[in-house]
Amino acid sequence: MATKPAGGPEPAPSAPQDFIRQIVAEDVRTGRLRSRVHTRFPPEPNGYLHIGHAKAICLDFGVAEEFGGLCNLRFDDTNPAKEEVEYVDAIRRDIHWLRFDWGDREFYASDYFERLYACAVTLIRTGKAYVDSLTADEIREYRGTLTEPGRESPYRNRPVDENLDLLERMRKGEFPDGTHVLRAKIDMSSPNINMRDPTLYRIRHAAHHRTGDLWCIYPTYDYAHPLSDAFEEITHSLCTLEFEDHRPLYDWVIAQLDFADPPQQIEFARLNLLYTVTSKRKLAQIVVDGRVSGWDDPRLPTLAGLRRRGYTPEAIRDFCQRIGIDKSEGVVDLALLEHCVREDLNARALRVMGILRPIKVVLVSYPEDEVEELEAVNNPEDASAGTRTVPFSRELYIDRDDFREVPPPKYHRLSPGAEVRLRYAYIIKCVEVVKDERGEIVELRCTHDSETKSGSGPQARRKVKGTIHWVSAKHAVPAEVRLYDRLFIAEQPGRDGSLLDELNPASLQVLTACRVEPSLAAASAGSRYQFERLGYFVVDPDSAPGRLVFNRTVTLRDTWAKIEQKQRGEVGD
RNA sequence: UGGGGCGUCGCCAAGUGGUAAGGCACGGGACUUUGAAUCCCGCAUUCGAAGGUUCGAAUCCUUCCGCCCCAGCCA
């Protein structure tokens, strides 16, 4: 591999040039905001990060990096009812796993509660905010509708001193939840509902995961977010499309407080993926309802789930780069995500042989007690991965899929009288099918062609149509393998209501009688392999010494499956 | 029927008045001791629709159609 010439970062020729980067580049060029670039990733610690967040993380950190700027991690923890430390830890872990770093710039909106409060006092003093004592229901009524303007609250013109006094007493805890709120005084007849005197503070007698019982009033997102950005001197505040309507409010809040370099909010489309959900709310619903084993269930599109599934951070970053950034709301095909892992794992995963549904093969022509150590390539894509040795003996296991008593057209695998190559070993021929009283195939008796041992010379290179993988029965290691399918049967789960009804009942299949080659005996959790001809697998943390558990990350592309499906389609109607 | 957005190949996506990139998927072929990988080849006379401006329009104008978001003291 060629290394980059020294001399700083060169503009990658393939660097994305989406509309956001174009705006940032223009700002840098024209000297706006003193040509600084400082972004932030602002998760609320109320759930685990998912693949949609990865898109935002890659954008926020990516833009900063590309323009020589910085990106802060800021926890948007303004709602004590929903937020927990478990989530902040998980979020930190996941971002680091994606290989992004925020240095010492880990902030919390709750760090700013005192400053935020001071700003609120200023807003009252300048006549831009007031304490409203309407009930939540009344406020809703006064707000009007999408087509009708709202009405002003009777408390809207309270004197400044009274507002100041009330706010202070709210803070002191003199009032129960819901009795008062602080509102911005903007325009109750605005066509943009967000501008109809939005709530800035509400009373919540609840313990906060960081500030404990210090506060009983908490700022809302619309108030805390723009100010947090301004406090941190963020230049470009990137968020998703649903906040587009909030931008006038974002700008308004900042404008009232006189900041030298007001940040600019820019919105982009969130990620949607076919057959899955990228919504913390929906994910939480599945997790809380116990439909999966937890936030890191390998079927979930959470970063923790994808990690446990065997996805690599590189694959996810590649995916985020390929889907691009823009404002049109699309739905990305899962096939693209799968392509990204396959491409990454193809280059780096070590090849091994593993049998998912074993069927015994006895080589009647092979000596009883002989054992040969055959050489196998660890990764044909990477010579430096070297080779290993695999034991071969008279009794083997092959996969049930690789034998058909009545082979369909174009079937290249084993069937009565047919020959196949055993990978790295001999060509064998099936001479007898042994069944039990129920007619189930329990064993195949085969002969081997001793001239065809892999690598033993020109005569060994005889061609047969198929090559299959195998494992030596007495050397193989038992393992459990978990196969995953899409979690939902609906293309866009929850779109038409019932999320829980659209779960795929067959999303998890556990195979407990698997046999893998002995080199895997000491494989450690997180290690990724390609089981030849089957797919990519990762060792699950549920593994223990003597008890291997693998998760299938993704299958290999399977042309035969397509042919077979086509054949079935033609036979059918 | 208020406001804010979005509509380019099955999916994602370039394109910013000069004659439709790329990726995924798909189809065909080569190679193959992974039906994998790799490599070739094919895949939008057309840019939601209709008018208009222009020598020239996916790009400008007009009208229409479709989809998404907003009435939390959630974010």
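Scope of the values below: all heavy atoms of this structure, side chains included, with no hydrogens, waters or symmetry mates. Just so we're on the same page: letters track the sequence lines, and every chain starts at 1.
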Can you tell me which nucleotide in B:G35, B:C74, B:A36 comes closest to the side chain of A:Asn79? B:C74
Tell me whether the side-chain N or O atoms of A:His246 pair up with the base of B:A75 as donor and acceptor below 3.5 Å, since no angle test is needed here. yes
Ion pair A:Arg423/A:Glu532, N-O distance below 4.0 Å: yes
Could you give the CG-to-P distance, from A:Asp402 to B:G35, as a whole number of Å? 9 Å
Within the modelled atom types, does a donor on one side and an acceptor on the other bring the side chain of A:Arg413 and the base of B:G35 under 3.5 Å apart? yes
Using the C1' atom in both, what is the distance from B:C64 to B:G56, to the nearest Å? 26 Å
Residue matched to B:C64 through Watson-Crick or wobble contacts both under 3.5 angstrom: B:G48
Whole angstrom value for the distance that separates P of B:U34 from CG of A:Leu534: 14 Å
With heavy atoms under 4.0 Å as the rule, sort A:Lys562 into base, sugar-phosphate or nothing. sugar-phosphate
Round to a whole Å and report the spacing from CZ of A:Arg74 to C1' of B:A75. 13 Å
Check: B:U34 base within 3.5 Å donor-acceptor of A:Gln530 side chain: yes
Rounded distance (Å) that lies between atom C1' of B:G35 and atom CZ of A:Arg404: 13 Å
For B:C68 versus B:G35, give the span between their P atoms, rounded off to a whole number of Å. 45 Å
Less than 5.5 Å between centroids and less than 30° between ring planes, does A:Tyr221 satisfy that with B:A75? no
Measure from the side chain of A:Arg557, starting at C-beta and using heavy atoms only, and say which of B:G4, B:G35, B:A37 lies closest. B:A37
Nearest listed nucleotide, side chain of A:Thr147, among B:C73, B:G5, B:G2: B:G2
Kindly state whether the ring of A:Tyr536 and the ring of A:Phe531 have centres lying under 6.0 angstrom apart. no
Roughly how far apart, to the nearest Å, are B:U8 and B:A13 at atom P? 9 Å
Taking the nucleotide of RNA chain B with the nearest heavy atom to each, does A:Pro43 or A:Ser456 sit closer to the 5' end? A:Ser456
Nearest whole Å is fine: how far is B:G7 C1' from A:Leu241 CG? 13 Å
Is the base of B:U33 touched by the side chain of A:Arg421 through a donor-acceptor pair closer than 3.5 angstrom? yes
Whichever of A:Pro380 and A:Pro198 has the more 5' nearest nucleotide on RNA chain B, that residue is A:Pro380
From the candidates B:A25, B:A75, B:U16, the one with an atom nearest any side-chain atom of A:Gln22 is B:U16
Among B:A25, B:G28, B:C68, which is the nearest nucleotide to the side chain of A:Arg495? B:C68
Nearest listed nucleotide, side chain of A:Ile563, among B:G35, B:C73, B:U34: B:G35
Whole angstrom is fine here: how far is it from CG in A:Asp222 over to P in B:C73? 10 Å
A:Glu564 and salt bridge (Lys or Arg N to Asp or Glu O under 4.0 Å): which partner among A:Arg404, A:Lys410, A:Arg413? A:Arg404
Identify whether the glycosidic angle of B:G72 places it syn (within 90° of 0) or anti. syn
Going by the angle between their ring planes, with limits at 30° and 60°, are A:Phe392 and A:Trp470 parallel, tilted or perpendicular? perpendicular
Side chain of A:Asn192, heavy atoms from C-beta onward: which of B:C73, B:G3, B:G2 has the nearest atom to it? B:G3
Does B:A13 have OP1 or OP2 sitting under 4.0 Å from an N or O in the side chain of A:Arg322? no
Integer-rounded Å distance: B:U34 P and A:Tyr536 OH: 14 Å
Between the base of B:U33 and the side chain of A:Ser454, is there any donor-acceptor pair under 3.5 Å? yes
Of the listed nucleotides B:U34, B:A14, B:C74, the one nearest the side chain of A:Thr467: B:U34
Listed by chain and number, what are the ring pair (Phe, Tyr, Trp, His ring centres under 6.0 Å) partners of A:Tyr411, not counting sequence neighbours? A:Trp560
For the C1' atoms, the ones on B:A44 and on B:G10, what distance do you get once it is rounded to whole angstrom? 12 Å
By nearest atom, which of the nucleotides B:C74, B:G35, B:C24 is closest to the A:Thr559 side chain? B:G35
Atom-to-atom span, CZ of A:Arg462 to P of B:U32 - whole angstrom: 17 Å
Of the listed nucleotides (B:G2, B:U34, B:A75), which one gets closest to any side-chain atom of A:Arg533? B:U34
